[in-house]
Amino acid sequence: MKPIAILDNLSFTYSEAVEPALTEVNLTIYSGQFLAITGPSGCGKSTLALCLAGFIPHAYPGEMNGAIRIQGKDSRDYPNGGLSGIVGLVQQDPEAQLCTLTVEDEVAFGPENLCLPPAQIRERVQQALFAVGAENLLGRKVHTLSGGEKQRIAIASVLALSPLLLILDEPTANLDPASTKEVLETLDQLRQQSRASIVVIEHRLQRLAGIADELIQMDKGKIISRGNLEQLQQRYLPAPSIRKPAPEPGAKAMPKIVRGNKAPFLTVDSLSVGYEGTTVLSGVSFSAYPGETVALMGDNGSGKTTLLLALLGLLPLRNGSIHIGGKDITKTKAARRARKLGLVFQNPNHQLFENTVLKEALLPSSFLSRETPEQTESRLQKLLVDFELESYQHVNPFCLSFGEKRRLTLVSVLAYTPPILILDEPIVGQDSRRLDFLLTALDKHQARGGITFFVCHEPEVVASCCQRVLFLGEGKLLIDARVEAAWRQLAWLGRNEYIPRLAF
């Protein structure tokens, strides 16, 4: 096979960084090869992708040693942007690469910059949208799309360039199960039909079993192991089993969730909400009780994030009411709701404001905590240790990896202990061990009688930590049931992709 890219003793250190992001990486990528790359959050995977795409060294300041040769030519010798049409990169944060106002313009942007004929551009746009199952999004404005829909458009915009080497950094992270299957099948067909090389960076490797040729594992900026498909299938990262930690000294035992005649802490009645004249959700009603962890599930664009934003008051209701602790908060401003509702956004970059990790982690508590500053900082320091962020306290948050940013935004909310946590796909960017950090924190929140709403597309994770499932579709709440009953109802609806493999 002919090599498309060769990395020769590649090392890279970002400006002002203490440790190198990559150290003496050697790798050859051949035409038609499908590589899977995995490793802990912050181990250098995304930096490797930026190097292959030519963004490093052109767009990121730092010291680069060794060489990257694309089609036999040193990447330094390509002009800035000169690898467009040869190498395509779908970044971990899809919003970071969306730069136009409409879906059609976004997908056409790359081919237009290659100066292709208009008829060929239109054909590529249609083919790329069809490939990712997003033809129904044609005509939509980009800012109205859900996170998963934006991810599909980001993938389509790169597919439209027909690159010889396609790199995707957690491409299915925000996708629903059906879209995940569709996108991975598209990638497999692409490499078989066009001999394009595919590199996929992932944590949940079971998705790639049967597709990827080789697994590369990284840690601390180095390639530490390589394996074939059989080894990949044996080594994939399973969903964690549910853990019920022993109570801390002096803490009460974990409460059983028994509703009986107990009043709900949160009640949503006949909620309707939408954007720009379009109704996204209507007639949604449910209640949540102390000590419940509730999964929000549904296809991309079904309204999961819309529901979370409405709960916090960031989107006005068209109809309905919201009560917390028996008090109507429907007209209460978001700033006041935030004392009881702690929201972690789907995109952590939307939630970062300060110039150090420590300041960022303390920021919500400075406005919302009812404890003394000493109590808050003591809790915060423990959280930074628990989430492996203590060594970054004086680092700019925007220098963190995407997974580390997600953990930071979660820590900043946990620090002021709101009774209700609202988490929008918090497991994205987390390896199996870091996922355990999150689920342990949710166990402790539940033990205190806290409520968690948890948007998640991973049924095994939902089965491991949630008691109820709210499943959205067609603008409605289709299922509101205990987890085991929800799996049965989803099976009856024919939505088996949302059911854990060992559910029955």
Side-chain angles (χ1 to χ4, degrees), residues 4-5 29 31-32 34 49-56 58-59 70-71 73 75 77-172 174-175 179 182-201 300:
I4 183 71
I29 302 172
S31 177
F34 196 129
L50 293 171
C51 289
L52 283 168
F55 291 107
I56 291 176
H58 293 300
I70 305 294
Q71 290 191 312
K73 183 178 177 180
S75 63
D77 297 333
Y78 285 93
N80 193 6
L83 285 173
S84 298
I86 301 173
V87 182
L89 171 63
V90 180
Q91 298 181 54
Q92 194 174 28
D93 175 9
E95 290 187 27
Q97 67 188 82
L98 300 179
C99 55
T100 65
L101 297 179
T102 69
V103 166
E104 183 175 12
D105 288 346
E106 188 62 45
V107 182
F109 183 79
E112 285 174 348
N113 279 275
L114 295 178
C115 299
L116 299 179
Q120 190 175 352
I121 292 173
R122 288 193 294 271
E123 182 180 0
R124 287 200 181 192
V125 168
Q126 292 172 353
Q127 290 176 346
L129 289 172
F130 179 78
V132 298
E135 59 268 44
N136 63 310
L137 300 179
L138 198 62
R140 290 276 299 277
K141 293 181 179 179
V142 171
H143 77 273
T144 68
L145 302 178
S146 71
E149 290 169 338
K150 288 177 181 175
Q151 193 148 25
R152 279 191 277 170
I153 297 307
I155 296 171
S157 68
V158 175
L159 289 177
L161 290 166
S162 298
L164 299 176
L165 171 59
L166 179 58
I167 308 159
L168 304 103
D169 196 348
E170 293 202 58
T172 64
N174 295 313
L175 298 183
S179 297
E182 198 171 63
V183 165
L184 292 179
E185 287 176 349
T186 295
L187 296 178
D188 193 30
Q189 292 169 7
L190 177 67
R191 67 91 172 249
Q192 292 182 32
Q193 294 170 4
S194 68
R195 301 303 297 166
S197 305
I198 311 289
V199 175
V200 173
I201 296 169
N300 295 136

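Counting begins at 1 with the first residue of the sequence. What you see below is based on every heavy atom in this structure, not just the backbone, and it leaves out hydrogens, waters and symmetry mates. Since this is a predicted model, take the numbers as computed values, not measurements.
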Original post:
According to the side chain to side chain donor-acceptor pair (under 3.5 Å) rule, which pairs have a member within residues 160-169, sequence neighbours left out?
Top reply: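 Passing the test, one end in residues 160-169: S46-D169.
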Between [X] and [Y], what is the shortest heavy-atom contact and its length?
X	Y	answer
E149	L145	OE1-CA, 3.4 Å
L52	A5	CD2-CB, 4.1 Å
E182	V132	OE1-O, 3.5 Å
A49	L89	CB-CD1, 3.9 Å
A160	P111	O-CG, 3.6 Å
A96	Q91	CB-OE1, 4.2 Å

[X] versus [Y]: any side-chain heavy-atom pair under 4.5 Å?
X	Y	answer
R152	N300	yes
L166	V199	no
I198	L168	yes
L129	V103	yes
L165	I29	yes
L159	L190	yes
L164	V87	no
E135	Q126	no

Is the backbone N or O of [Y] less than 3.5 Å from a side-chain atom of [X], with the two atoms forming a donor-acceptor pair by type?
X	Y	answer
E95	G147	no
R124	A128	no
E106	A154	no
N113	F109	yes
S31	R195	yes
T186	A131	yes

Original post:
Is there a donor in the side chain of Q127 and an acceptor in the side chain of E123, or the other way round, less than 3.5 Å apart?
Top reply: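 There is such a pair between these side chains.
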In this structure, are over 12 heavy atoms from other groups packed under 6.0 Å from [X] atom [atom1]?
X	atom1	result
K73	NZ	yes
E104	CD	no
Y78	OH	yes
L101	CG	no

